[in-house]
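Working notes, structure below.
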Number of protein chains: 2
Amino acid sequence: MTPDYIKTPEGYAYKYPRAAMTADAVIFGFDGYELQVLLIQRGIEPYKGRWAFPGGFMRMDETIEECAVRELHEETGLLSPYMQQLGIFSDVDRDPRGRIVTTAFYALVKMESVVGQDDAMDARWFPLSAVPALAFDHDHILRVALKRLREDLHFRPIGFELLPQKFSIPQLQRLYEALLEIHFDRRNFQKKMLATGILIELGEKDPTARHRAGTLYSFNKEQYDKMKHDGTLRLEF
Amino acid sequence: MTPDYIKTPEGYAYKYPRAAMTADAVIFGFDGYELQVLLIQRGIEPYKGRWAFPGGFMRMDETIEECAVRELHEETGLLSPYMQQLGIFSDVDRDPRGRIVTTAFYALVKMESVVGQDDAMDARWFPLSAVPALAFDHDHILRVALKRLREDLHFRPIGFELLPQKFSIPQLQRLYEALLEIHFDRRNFQKKMLATGILIELGEKDPTARHRAGTLYSFNKEQYDKMKHDGTLRLEF
DNA sequence: ATGTTTTGTGTAGATTTTACGCAAATGTGT
DNA sequence: ACACATTTGCGTAAAATCTACACAAAACAT
């Protein structure tokens with residue numbers, strides 16, 4: 001097969017002009033009270049000094065998903081988080097460097113898994129209420145990601161990705177309430193959540209509780225997959 | 001701003017290699033009995049003679065959405081259908097011509113709006129049960145599109161995009177049953193659908209009915225938008 | 001006219017959701 | 001040690017919704 005490009009002194013030449021492709025990751029975390037976003041401070045122009053999502057250019061030997069995973073690891077140390085395609089953003093003038101099209105991903109991580117980060121990296125968590133003006137069209141991407149996260153939370157068990165391995169139902173409820181900005185009745189939430197059958201009771205107590213400690217649970221992925229497969233699952237929050 | 005490319009005798013040269021970008025549209029229609037897909041027969045290699053989704057290369061002065069709309073119009077005559085991003089497909093070897101990344105869209109159209117098509121175009125509707133082996137990774141894209149269509153149908157009023165302006169509730173039910181491959185109780189379906197409040201009764205009868213004709217309705221988009229905005233909407237089918 | 005198919009409406013019983021009562025567990029202050 | 005506030009776990013009655021049908025009217029075929 002002939003290659004689709006010609007190598008010239010000036011670089012890789014194509015018959016028609018091409019856009020460059022990047023992947024960016026909107027990383028969400030939860031600190032127990034508020035939704036958090038992981039941002040990187042840009043060290044070079046354009047938008048030097050501004051905060052942006054971790055991301056970078058796609059190589060010729062990797063898919064856009066592999067690119068997102070690689071850049072995320074390089075820039076934040078994170079490995080294999082829960083990650084989903086969010087969408088492609090291709091406005092002609094979204095990047096001052098030229099025609100650069102990005103695929104945004106949204107990722108959910110347990111904040112505890114990022115604490116031991118290299119201090120040299122300019123990565124920082126921002127609570128959603130204090131996110132600064134971002135580089136490129138990342139403000140727009142963030143709004144789309146938030147909308148998607150809230151929609152998905154209603155009928156996918158993604159809340160567990162943001163909590164520690166072991167969590168209590170009240171913790172889970174605080175997560176839902178913070179993300180969806182609504183209030184659930186404490187007792188009905190517990191009943192409904194346990195009724196899904198995708199929680200494993202651990203018989204331990206939440207050591208961080210200030211008063212009576214809640215029972216700790218973990219997410220039963222096997223049971224979830226099984227119930228999803230044969231359609232007996234009843235989510236919807 | 002300096003351009004991000006250099007024009008050479010060989011074409012457009014970039015410092016690093018770049019993938020080409022295309023948009024492809026999975027067009028769904030409904031004939032009253034079965035879900036249909038609009039395909040184009042390829043006239044050139046690769047995959048000459050095989051069927052594929054309409055689509056083509058993105059220009060430097062258009063977004064990927066504009067590209068999808070343009071290619072769709074050029075290849076099928078369709079204008080402004082209901083169209084949504086499906087996802088980006090970037091497997092390294094998905095196209096034998098080289099590194100070509102595609103963004104797939106899924107579109108819903110009223111089949112009546114495509115009937116007067118130019119006969120010279122090699123576009124044809126295929127019932128889902130008779131779709132041939134497709135070019136590139138389009139088989140895979142079709143499976144993803146179907147999954148997405150079925151998910152969306154549960155809580156978005158997209159069924160209306162596939163039916164004529166005026167339709168009866170039994171027609172709508174046949175659509176839901178064909179797409180989701182499940183059976184609804186006729187009387188409960190009617191009640192629930194009317195209870196949403198997003199249908200306008202037209203006071204006319206379905207002229208295509210073979211026995212007692214159903215009452216015709218149209219989709220009340222204003223009411224839908226209003227109810228969606230203030231959260232009083234109750235869909236879920 | 002009579003039978004068949006299809007649509008429109010109603011209703012009883014089962015199920016689910018909602019709103020809230022109450023007791024147990026745990027930290028705080030005296 | 002004891003009263004008190006806060007939080008969790010469980011239960012229950014009433015309201016709302018869903019499910020499974022019954023029945024009659026409309027329209028075509030013979």
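Predicted model only: the values in this text are computed from it and were never measured. Worth knowing before you read on, the calculation uses all heavy atoms, side chains too, and leaves out hydrogens, waters and symmetry mates. Residue numbers begin at 1 in each chain, while the letters A, B, ... track the order of the sequences.
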State the [atom1]-[atom2] distance between [X] and [Y], to the nearest 0.5 angstrom.
{"X": "B:Ile40", "Y": "B:Trp51", "atom1": "CD1", "atom2": "CH2", "value": "8.0 Å"}
{"X": "B:Leu149", "Y": "B:Leu179", "atom1": "CG", "atom2": "CG", "value": "5.0 Å"}
{"X": "B:Ile88", "Y": "A:Leu86", "atom1": "CD1", "atom2": "CG", "value": "12.0 Å"}
{"X": "A:Asp137", "Y": "A:Arg143", "atom1": "CG", "atom2": "CZ", "value": "10.0 Å"}

Got a sec? Which of residues 188-198 of chain B come in under 4.0 Å of DNA chain C, heavy atoms?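 Per residue number, the list reads B:Gln190, B:Lys191.
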Return the residues of residues 158-183 of chain A meeting this criterion: a heavy atom under 4.0 Å from some atom of DNA chain C. Order them by number, or give none.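 Under 4.0 Å from DNA chain C: no residue of residues 158-183 of chain A.
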Euclidean distance, atom [atom1] of residue [X] to atom [atom2] of [N] [Å, nearest integer]:
{"X": "B:Phe184", "N": "C:dT7", "atom1": "CZ", "atom2": "P", "answer": "16 Å"}
{"X": "B:Asp185", "N": "C:dG10", "atom1": "CG", "atom2": "C1'", "answer": "13 Å"}
{"X": "A:Glu236", "N": "D:dT17", "atom1": "CD", "atom2": "C1'", "answer": "13 Å"}
{"X": "B:Asp206", "N": "D:dA26", "atom1": "CG", "atom2": "P", "answer": "17 Å"}

Looking at A:Glu151 and A:Lys147, is there a salt bridge between them, counting it only when a charged N and a carboxylate O are closer than 4.0 Å?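 Salt bridge flag = yes for A:Glu151 with A:Lys147.
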Using a 4.0 Å heavy-atom cut-off to protein, can you give one letter per nucleotide of nucleotides 22-30 of chain C, 5' to 3': B if the base is in contact, S if only the sugar-phosphate is, - if neither? B-BBBS---
Check: A:Thr63/B:Asp91 side-chain N/O donor and acceptor closer than 3.5 Å: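 No, no side-chain donor-acceptor contact under 3.5 Å.
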Tell me yes or no: between the side chains of A:Glu177 and A:His183, is some donor less than 3.5 Å from an acceptor?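 Per modelled atom types, A:Glu177 and A:His183 side chains form a pair under 3.5 Å.
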Say whether, by atom type as modelled, one donor and one acceptor occur between the side chain of A:Arg50 and the main chain of A:Leu134 under 3.5 angstrom.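 Yes: the side chain of A:Arg50 pairs with the backbone of A:Leu134.
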Within the supplied structure, the quantity of interest is the number of heavy atoms (other residues, nucleotides, ligands) at a distance under 6.0 Å from B:Lys166 NZ; does it exceed 12?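 12 or below, so no.
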Under 4.5 Å between any side-chain heavy atoms of B:Pro132 and B:Phe126, yes or no?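 Heavy-atom side-chain distance check passes, below 4.5 Å.
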